[in-house]
Amino acid sequence: MSSNPSDPQHDPDATGPIEIRQPPRRHRPMTLRSKLIAGFVVAIIAVSAVIGIVTQVFLSDYLLKQLDSRVLATQVRFGGPPPGEQPDTGTTQSNGRFRNLESGLCTETSASAGRINPQPDDSIVGVIVDGAVSTAALRSAYPSCTQLTAAQAAPLTTIAPDQPPVTVSLNDFGTFRVVATAMPDNRVIVTGLSTADVSATQNRLTVIMLIVAGSAVVIGGVTIWLIVRRSLRPLERVAATARKVTTLPLDRGEVDLGIRVPARDTDPRTEIGQVGAALNQMLGHVSEALSARHESETQVRRFVADASHELRTPLAAIRGYAELAGRNPDDAAGVTHSLARVHSESERMSSLVDDLLLLARLDAGRPLDHDPVDLTALAIDVVSDARVAGPDHHWRLELPPEPIVVRGDGARLHQLLANLLANARTHTPPGCTVVTGLRTERAMAVLTVTDDGPGIDPALQPGIFGRFVRGDQSRSRAAGSTGLGLAIVAAVTAAHDGTVAVNSHPGRTTFTVRLPLDAESTD
């Protein structure tokens, strides 16, 4: 194996690191099912998150308002005035409360004297004197009460009197919603309640929301997966039909494209049904196109085979007579006969080639002349020529009093009628009558050629306008027929946007050609 010196991977003197590039990884695209399921699951998660957050915000606000109302009620119980009122400075009861708070918040009196320290559970009460904590007590649950030191209750000194409740943290004792009340003797009473219940409720709600949201995601995801899977089954059947079509050999031969999307998947009221119906319509068009292609290929092969056969016959005759004349050059009579036969076969071959070229031009859609053509005068001329070519037949004309004019190629229309008359002369015995008729019918010129001959074989009538179709092979060739006359009639008629038909039974055969009238001449 040879190495490239310029390639560092094969250079033995290269000292740098060899970089090996890995082909980029191709990310597998998500299927429609995966996208739908993922989208719905994300939507469920987003909705659950929004509901949880909104619920937490509103519940927290509600619980804090409830707690604040209790804090204000506790403030009144400890000697402070109701919200919006001034403290009572002239009553002995208020002074007594102050003295009891000063003596100790955790001190209780006898039952007969009444409970002087009405401190509720999970609450804190403190007395601030000259900015320092004089006394403070924390009650967890009656009768449990903890006397706080000045250092432990120091955060209470930051509370401004006569303000709405605020949240304060007392280190290891937790957080409290507190409010401060200024007394006449320059003391400040701070009362508050623990936020433990509010926090516990919020935590409990968070756990519940997580459980509910998780369950909603799982149950919703499974439900959506089942729904999407069931909804996409018709699309899978449509895709399976398309895959079956791709396995068929469509490039050659006759194709039986009978595969279709089931009727249950072609409901136009649904999106998938519209896709299925469109696919069926497309398959129908493809099937028609393939059938037309196969028919065209068959016709081309048949045409080539027939043309080769027809051309081979005169060519073989020309070659044979030429060889015969060359063998006996001194036989003047034989050479003359051979040359006459060569000339006759050459003319026949030339006529065949001309007809083939005309059909090829018409098949290619080459434009014809578009001039006014008087069919009445044309019929008179063609029938006159037919009388000369077939004096042993009776030729008749049935023409209207007014000329009938169409737009088209005069030479081609002349050939059309001449071929119809030649066909009648060739395939009917002497003495038969051939009638050429012309009339108008619903903006159409109707040209008919009728004979009283033996008629056309019913088995031959469906393909009578095909190429190289003959009723009597031997007699037709002897008469010089190429089997293309009626094919040229059909091609010229189609090029003029007309129609041609035949109706035949023993004793009467009628060819009918309909051509559009010239609009200018009829106005």
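In this text, all values refer to a predicted model and were calculated from it rather than measured experimentally. For this chain, numbers begin at 1 and follow the sequence in order.
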[X] versus [Y]: any side-chain heavy-atom pair under 4.5 Å?
X      : Y      : value
Thr201 : Arg204 : yes
Leu447 : Leu413 : no
Arg514 : Val446 : yes
Val166 : Val178 : yes
Val373 : His414 : no
Leu515 : Thr493 : yes
Val489 : Phe511 : no
Asp452 : Val434 : no

Inspect the surroundings of CD in Glu441 and state if more than 12 heavy atoms from other residues, nucleotides or ligands are less than 6.0 Å away.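 Yes, enclosed.
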Output all residues satisfying side chain to side chain contact (heavy atoms under 4.5 Å, CB included) with Ser346, sequence neighbours left out; order by chain, then residue number.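 Expected list: Ile318, Val342.
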Among residues at least two apart in sequence or on other chains, which ones pass side chain to side chain contact (heavy atoms under 4.5 Å, CB included) with Ala422?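 In terms of side chain to side chain contact (heavy atoms under 4.5 Å, CB included), with neighbours along the sequence ignored, Ala422 is linked to Arg425.
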Member of Val502, Asp451, Thr450, Val449 meeting the side chain to side chain contact (heavy atoms under 4.5 Å, CB included) criterion with Thr510: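 The side chain to side chain contact (heavy atoms under 4.5 Å, CB included) with Thr510 is passed solely by Thr450 among Val502, Asp451, Thr450, Val449.
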Test applied, side chain to side chain contact (heavy atoms under 4.5 Å, CB included); reference residue, Leu417; option that passes from Val513, Leu378, Leu438, Asp381: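 Exactly one option meets the side chain to side chain contact (heavy atoms under 4.5 Å, CB included) with Leu417, and it is Leu378.
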Just distance, no hydrogens or angles: give the donor-acceptor pairs under 3.5 Å from side chains in residues 46-56, sequence neighbours left out.
unit_1 : atom_1 : unit_2 : atom_2 : d
Ser48  : OG     : Ile44  : O      : 2.8
Thr55  : OG1    : Ile51  : O      : 2.6
Gln56  : NE2    : Gln202 : O      : 3.1
Gln56  : NE2    : Thr206 : OG1    : 2.3

Step-by-step side-chain contact (heavy atoms from CB on, under 4.5 Å) determination, Arg233 to Arg237: CA-CA 6 Å; Arg233 281 179 183 174; Arg237 291 193 291 266; 4.1 Å; yes
